[in-house]
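Here the structure is laid out as structure tokens; the discussion comes afterwards.
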Amino acid sequence: KLIRNCVDSKFKRTGIVSIFDLDKTLKNLNFNMDQFISFSILSGCDYCNNIPKLGSVTAYKLINKYNNIDNIIHNNKKFNIPDNYLNIHKKSIDIFKSYYNLNINESDFKKNIINFHELQIYLIDIIGMNSNKVKNSLKKILNNNGR
């Protein structure tokens with residue numbers, strides 16, 4: 001389950017808690033986990049570039065029709081898929097699966113104080129994220145944590 005405390009733009013209220021249940025999502029999409037991972041990557045993720053002009057609705061249809069990314073690429077006549085996409089996609093699948101198989105009870109999680117200044121430098125200067133978006137997001141986090 002993924003639990004998020006977020007602002008729901010439909011209601012413009014804070015404190016709305018959203019709960020995403022993986023089992024229900026898989027059932028509703030009629031996907032197995034491998035299909036869901038490929039769908040998620042095709043829809044857009046941090047580990048793999050998007051295929052131009054391919055959004056989540058099309059990704060859903062393609063996974064339903066072809067079952068996996070290999071079949072989509074081999075039967076593709078419409079999308080401009082980069083030459084190295086299949087390799088990057090496979091690495092992305094491995095990353096997703098490593099999180100999926102993570103046993104939280106065996107993990108040694110530690111709560112650390114966030115160094116917002118260093119995080120901002122990392123996100124903007126090293127990763128290359130948009131400066132305004134990073135600053136606004138970090139400001140929201142600071143305000144919500146009472147810092």
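Numbers for residues simply follow the sequence, beginning at 1.
- Between the side chain of D21 and the main chain of D23, a donor-acceptor pair closer than 3.5 Å is present.
- Here CG of D46 is found 11.5 Å from CD1 of I41. Values are rounded to the nearest 0.5 Å.
- A 4.5 Å side-chain heavy-atom check between S131 and Q120 finds every atom pair outside the cut-off.
- Put simply, the side chain of N68 does not reach to within 4.5 Å of the side chain of D34, judged on heavy atoms.
- Under the 4.5 Å side-chain heavy-atom criterion for grouping Ile, Leu, Val, Met, Phe, Trp and Tyr, F79 is connected to I73 within one hydrophobic cluster.
- Residues N115 and L119 form no side-chain contact, since every pair of their non-hydrogen atoms from C-beta on lies 4.5 Å or further apart.
- When hydrophobic clusters are built by joining Ile, Leu, Val, Met, Phe, Trp and Tyr residues whose side-chain heavy atoms come closer than 4.5 Å, directly or via intermediates, I37 is grouped together with L26.
- For the pair N80 and P52, the tightest heavy-atom approach, listed with the atom from each and the gap, is O-CD, 3.7 Å.
- To the nearest 0.5 Å, atoms CD1 (I63) and OG (S38) are separated by 5.0 Å.
- A single hydrophobic cluster is seen to contain both Y122 and F116, as judged by linkage of ILVMFWY side chains at heavy-atom distances under 4.5 Å, directly or through other members.
- With H74 contributing its side chain and D70 its backbone, the two residues share a donor-acceptor pair below 3.5 Å.
- From L42, atom CG reaches atom NZ of K61 across 14.5 Å, with rounding to the nearest 0.5 Å.
- Put simply, L62 and I88 are part of two different groups of oily side chains (I, L, V, M, F, W, Y) that touch within less than 4.5 Å, one to the next.
- Atom-to-atom distance recorded for K90:NZ and I93:CD1 is 8.0 Å, nearest 0.5 angstrom.
- Put simply, NE2 on H89 and CD1 on I81 are 10.5 Å apart, with the number rounded to the nearest 0.5 Å.
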Check your understanding: For M33 and L22, what are the C-alpha separation, side-chain angles and deciding distance, and is it a side-chain contact (heavy atoms from CB on, under 4.5 Å)?
Key -> CA-CA 9 Å; M33 191 61 191; L22 178 61; 4.0 Å; yes
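- In this structure, K65 NZ and N71 CG are separated by 11.5 Å, a value rounded to the nearest 0.5 Å.
- Counting non-hydrogen atoms of neighbouring residues, nucleotides and ligands closer than 6.0 angstrom, the CG atom of N30 reaches no more than 12 such neighbours.
- Using a 4.5 Å cut-off on side-chain heavy atoms (C-beta onward), C45 and C48 make contact.
- Legend: ring-ring contact (aromatic ring centres under 6.0 Å, His included) pairs involving residues 24-61, not counting sequence neighbours, sorted by first then second residue: F31-F39, F31-Y60, Y47-F96.
- Side-chain contact between V134 and N130: absent, with no pair of heavy atoms (C-beta onward) separated by less than 4.5 Å.
- Side chains of N67 and Q35: a donor-acceptor N/O pair is present below 3.5 angstrom, by distance only.
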